[in-house]
Structures are given as structure tokens and as C-alpha cells.
Amino acid sequence: MSNTENKIPYKIYLSENEIPKQWYNLRADMKNKPAPLLNPGTGKPLTAEEMSGIFCEELVAQELDDTTPYIDIPQEIRDFYKMYRPAPLVRAYCLEKALDTPAKIYYKFEGNNTSGSHKLNSAIAQAYYAKKQGLKGVTTETGAGQWGTALSMACAYLGLDLKVYMVKVSYEQKPFRREVMRTYGADVTPSPSTTTEVGRKILAEHPGTTGSLGCAISEAVEVATTNEGYRYVLGSVLNQVLLHQSVIGLETKAALDKYGVEPDMIIGCAGGGSNLGGLIAPFMGEKLRGEKDYRIIAVEPASCPSFTRGKFAYDFCDTGMICPLAKMYTLGSGFIPSANHAGGLRFHGMSSTLSQLYDDGLMEAVAVEQTEVFEAAEKFARIEGILPAPESSHAIKVAMDEALKCKETGEEKTIVFGLTGTGYFDMVAYEKFNDGKMTDYIPTDEELEESFKHLPKVPGQE
Ligand SMILES: *Cc1c(COP(=O)(O)O)cnc(C)c1O
């Protein structure tokens, strides 16, 4: 590669017609398919009919489709994508130089839109299918606020009503996110709230709780299923979300292919797994088909370590235990990560698709601590100019670590990582870091064991 090396620009842009015309459904190439969602009442796989009470019809079809490798992206969605895509793939020349590493580092930057993250890729798709079905609106939860913001933009664009349940700690810490959502017309409620039955129950059991994604999901689902013309949409974890996010990986691959670059490792942060699932999709596809091999690394916070310390088991996706059961790496649906954790990687479980791939040894996972993540974020901001989201900074940290290992060994590895968003709305977290007041609470084994005791009893699961 060395003679083409200096021809690679800082930013590899694709043209508008190179925005993918189809999403890639990784499950089609998996030998061991992700386990189906189960009805918590019967313990049987959820049927399309049962699902369509909660989710939009077309999204149910996508959720259940384990066999179609490519699914057309409707023209209306591609038109919306054109407002902020293709996203640039950046060659991190400055970072390579600062780290004095022979590694070649690239990052796919998904923060170039008002919502500031990759979540818009799925938000517009989900809103589109809701609109197409003739619904009045959708409900959802949001943690750090990125998903709610993205969805509020998509709903405003299509003229859909949106009710957002926002994890209380974020509602209070991130007033600016809340106001962006309201500016785009969303109705935002801090969760747990007294507006739902499940919210009142959670408040009675845990007075003063700062909330969790799991609680907010329960509330949003309740509102969707008890209001006519509404369905629930989710910003991560589900197969359909990974499908929509495959635009990230497809564009990344197209950009690398232009210059004949093949990555050695692909790194991404993992909350519910959607950005990582999307980024790795076409690469993992090649790996599954036996065409290529890549190291794929999921990075998660040490305070919410689903992959590295969780159990691979059927569990509820929500705290209120009203949602379907998903087989995933989970810390238990009652696990509430420490409130002082700054990033938005606070979900107790992980995408079933990624969980299966991880269990099959097709990808790795590492957990990193918050303070070292912010050290990496600060360094990256100063060197590459972009103020990264705390979530994204988990991937930055591990990409830097891998690049430094290359420095020791002299290996010229090619590293690609996902820079999922910007950190403009995370200044409370940066303030804590800048003031030297950042802490990290890492759960003890005893705490996790206690949480695992509440995993639901499912036939075939010990
Ligand atoms: C939501 C979010 C994540 C984590 O979610 P995934 O579904 O795991 O991708 C990562 N980065 C940013 C900026 C986010 O907003």
C-alpha cells in the first residue's frame, strides 16, 4: 500500500449517488441466527401479529427477516439521507502523527447532522414506515437524548406526533437536548413519571430513582399500546435498527474500496449495538462467508459491561418487564448503571445479533473506564479537532490503544473505528472531567449476581 499511501485524502467523500440503495441484513449470512424474541406470557416466539400491536408492520417484517440479504431503501428515506450523507471517512493523519504510530487510522464520522449522531439513520426509516402505515404518531424512550433528538427531527420532517420518555438524570443534566426535541415538536416527559401505570409502580418501588433506559422503555411501550394510532419505536438493540445502520458500514467499505484499503480491525462503541452492528455489517458478512477475516472489537463502559461480564440469556428489554424477551448478553433488566456515568451506553442488554456473533467467537469485547475514556476524548479533540461524544470516545480509546501497540511491534495495521457523534450536549460530563471530579462506579460481582437472580425463567435456560 505504501506507494498509494500519500494519495489517500484526509477525508474520503462519496458522491450522493453512492449513498447505498439497499440496506444489508447481516443475519442472512449468519449460520447461527440470533434467537427470536419471545412472548413473555407464553414463552413462545413472538408472532408478526403480536408484534404489530407494538411496532409498525413493515418494521415487524424487517425484524423477523433472517434470510433476505439486501433490502431496498425507499427513495423518500434516501432523499432524507442526502441532507447529511454520505458521511465522511476520515484518515486520522494528525492522530497517527501525534501517537507516532505506524498504524493507519480511519474513522467514520456520523456526527454531521443536528442530532449529532448516527441515530438519525434509523429514526428516519422508522418514522417513514409509521407514516406509511397511516399512524398518528410514535412513542419512544431516550437516554442521553440523541435518539429522541434524531427521532424528533424525523417526525417533524414527516409530520408525525412524537412522545418521548427521557431518563430523568439526562432530562435534568441535558436541558439543551430536551429543548432541541421540543423545538422539533416532540412532547418530552422525564422517566420514571406518574403519567403511566408502570412509571408509578417503579417510583413506588424505587423512590428518588434517576431512571434508566429500561424504565423509560416500559413507559413508552405502555403509552403506545394504550393510545390508538400510536406505535413504539426503539433506537437501538433491535435487528431492524442494525439493518438501517448498515448504511454506515456500506459507505465505509465503499470509501475504503476506492483506495484499495483493507482494514485489519474495526472498532466501535457498544450500547445496544446499533452503530457497531451497522459499521461492521458488510465486513462481518465477508467474514461469515469465509471471504475475509477481520478483528472486530466492541467497546463498552466498565460501569455497564454487558458483553464482558453479562450472561447470554433470555431477558426483558425493559425494567417494567412488559416488553418481549430477547436472548442477549445482559446484566439483568433490573440493573441500573451508576448515575454518574457520563456516556449514553447505559442499556443493560445488547443486540441479539451481536450477542450471537460474540458468543460464536466472531468478535471481541473490551470494557474501559470513564476517566481513561475522557482522557482519550480530550486528546482526540485537541489533535483531530472534533469534540467527540463520550460514547464514541470509548472507541477512540481502544483505537488509540491498538495504535500504540502497533508502535511497540512496528506493525502497520489498518484500524477503522466508528466516531458516532459529537459531544456538544455532554458538557456536564466534560466539566466533571475538566474539574478532576470524574468517578466511575464499577459494579461488584455480588451486585451482578444479585441482578442475574431475576433473569426470567425460560424453558431451556438454566
Ligand atoms: C446511542 C449512541 C451510541 C450507542 O448506541 P448503539 O446502539 O450501541 O450504537 C453510541 N454513540 C452515540 C453518539 C450515541 O448517540
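When reading the values below, keep in mind they use all heavy atoms of this one structure, side chains included, and skip hydrogens, waters and symmetry mates.
Under the 4.5 Å side-chain criterion, counting only non-hydrogen atoms from C-beta, S246 is not in contact with L26. When side chains are defined from C-beta on, L387 does not count as touching T422, because their heavy atoms never get closer than 4.5 Å. Put simply, the side chain of L38 does not reach to within 4.5 Å of the side chain of L46, judged on heavy atoms. Using a 4.5 Å cut-off on side-chain heavy atoms (C-beta onward), Y294 and I280 make no contact. Residues I296 and M284 form a side-chain contact, since some pair of their non-hydrogen atoms from C-beta on lies under 4.5 Å apart. Here the side chains of R309 and P443 are in contact, with some heavy-atom distance below 4.5 Å. V233 has its side chain within reach of L151: a pair of non-hydrogen atoms, C-beta onward, lies under 4.5 Å apart. Proximity of Y329 to D359: side-chain heavy atoms (C-beta onward) are separated by under 4.5 Å at one or more points.
Taking CD of E228 as the start and OG1 of T226 as the end, the distance is 11.5 Å to the nearest 0.5 Å. Separation of atoms CZ (R78) and CG (D72) is listed at 10.0 Å; rounding is to 0.5 Å. Taken from SG in C56 to CZ in R231, the straight-line distance is 7.0 Å, to the nearest 0.5 Å. Between the CZ atom in F80 and the CE atom in M153 there is a gap of 5.0 Å [rounded to 0.5 Å]. To the nearest 0.5 Å, the span separating NE2 on H348 from CZ on F335 amounts to 10.5 Å. Rounding to the nearest 0.5 angstrom, the gap separating the CD1 atom in I415 from the CZ atom in F417 is 9.0 Å.
Between the side chain of K287 and the backbone N or O of L362, at least one donor-acceptor pair lies under 3.5 Å. For S117 (side chain) and T420 (main-chain N/O), no donor-acceptor pair under 3.5 Å exists by modelled atom type. S274 places no side-chain N or O within 3.5 Å of a backbone atom of S236 that could act as its donor or acceptor partner. Put simply, the side chain of T209 never gets that close to the backbone of H206: no donor and acceptor are under 3.5 Å apart. With hydrogens and angles disregarded, no donor-acceptor distance shorter than 3.5 Å links the side chain of R177 to the backbone of Y171. A donor-acceptor contact shorter than 3.5 Å links the side chain of N113 to the backbone of S115. Listed for the E63 side chain is a donor-acceptor partner under 3.5 Å among the backbone atoms of N239. Proximity of a side-chain donor or acceptor of S451 to a complementary backbone N or O of L331 within less than 3.5 Å is detected. In this structure, S218 contributes its side chain and G214 its backbone to a donor-acceptor pair below 3.5 Å. Looking only at distances, no side-chain donor or acceptor of Q240 sits under 3.5 Å from a matching main-chain atom of V60.
For the residue pair E378 / Y430, no side-chain donor-acceptor distance below 3.5 Å is found, with atom types taken as modelled. Donor-acceptor pairing under 3.5 Å is recorded for the side chains of Y84 and N121. Remark: the H244 side chain and the Q126 side chain contain no N/O donor-acceptor pair separated by less than 3.5 Å. Residues S193 and T195 have side chains that bring a donor and an acceptor to within less than 3.5 angstrom of each other. In summary, the side chains of E57 and Y129 do not present any donor paired with an acceptor at a separation below 3.5 Å, with no hydrogens or angles considered. In summary, the side chains of Q245 and N275 do not present any donor paired with an acceptor at a separation below 3.5 Å, with no hydrogens or angles considered.
Closest approach of P282 and L250 over heavy atoms only: CG-N, 3.8 Å. In plain terms, the two heavy atoms of V261 and T414 that are nearest each other are CG1-CG2, 3.8 Å. Smallest separation of non-hydrogen atoms from V167 and L213: CG2-N, 3.7 Å. Pairing each heavy atom of S122 with each of V241, the nearest pair is OG-CG1, 3.7 Å. Shortest non-hydrogen contact noted between T353 and M30 is CG2-SD, 3.7 Å. Heavy-atom minimum distance, E141 versus W147: O-CD1, 3.0 Å.
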Could you go step by step and tell me if M363 and L354 meet the side chain to side chain contact (heavy atoms under 4.5 Å, CB included) rule? CA-CA 8 Å; M363 53 185 277; L354 292 190; 4.1 Å; yes
Walk me through whether E286 and K253 qualify under salt bridge (Lys or Arg N to Asp or Glu O under 4.0 Å). CA-CA 11 Å; E286 292 182 315; K253 186 148 194 330; 3.5 Å; yes
Start with the C-alpha gap between S303 and Q370, add the side-chain angles, then the distance that decides, and say whether side chain to side chain donor-acceptor pair (under 3.5 Å) holds. CA-CA 8 Å; S303 59; Q370 180 160 252; over 6 Å; no
Under the side chain to side chain contact (heavy atoms under 4.5 Å, CB included) criterion, do V138 and Y232 qualify, and how do the steps go? CA-CA 5 Å; V138 290; Y232 165 71; over 6 Å; no
Side chain to side chain contact (heavy atoms under 4.5 Å, CB included) between V164 and T142, worked out: CA-CA 7 Å; V164 180; T142 195; 3.5 Å; yes
What do the steps show when you test Y93 against Y106 for ring-ring contact (aromatic ring centres under 6.0 Å, His included), and what is the final call? CA-CA 9 Å; Y93 283 115; Y106 295 83; 8.0 Å; no
Could you go step by step and tell me if V299 and L345 meet the side chain to side chain contact (heavy atoms under 4.5 Å, CB included) rule? CA-CA 10 Å; V299 189; L345 307 174; over 6 Å; no
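Aromatic ring orientation, F176 versus F425: tilted (interplanar angle from 30° to 60°).
A distance below 6.0 Å separates the ring centres of Y107 and F380.
Other residues, nucleotides and ligands contribute over 12 non-hydrogen atoms within 6.0 Å of the CD atom of Q75. Summarising the local packing, CD of E197 is surrounded by 12 or fewer heavy atoms from other residues, nucleotides or ligands at distances under 6.0 Å. When the shell of 6.0 Å around CZ of R182 is examined, it contains 12 or fewer heavy atoms from other residues, nucleotides or ligands. Within a 6.0 Å sphere centred on NZ of K11, heavy atoms belonging to other residues, nucleotides or ligands number 12 at most.
A salt bridge is defined here as a Lys NZ or Arg NE, NH1 or NH2 lying under 4.0 Å from an Asp or Glu carboxylate O, and K397 with E375 fails to meet this definition. Contact check on D66 versus K33 returns no salt bridge, with no Lys/Arg side-chain nitrogen under 4.0 Å from an Asp/Glu carboxylate oxygen. Here K168 does not pair with E172 in a salt bridge; the nearest charged N to carboxylate O distance is not below 4.0 Å. Here R295 pairs with E402 in a salt bridge; the nearest charged N to carboxylate O distance falls below 4.0 Å. Remark: K163 engages D161 in a salt bridge, criterion side-chain N to carboxylate O under 4.0 Å.
No cation-pi contact links K136 to Y230, judged by a cut-off of 6.0 Å to the six-membered ring centre and 45° from its axis. Judged by a 6.0 Å distance limit and a 45° cone about the ring axis, R91 is not positioned over the six-membered ring of Y10.
No option in E18, E110, E16 other than E110 meets the salt bridge (Lys or Arg N to Asp or Glu O under 4.0 Å) test with R85.
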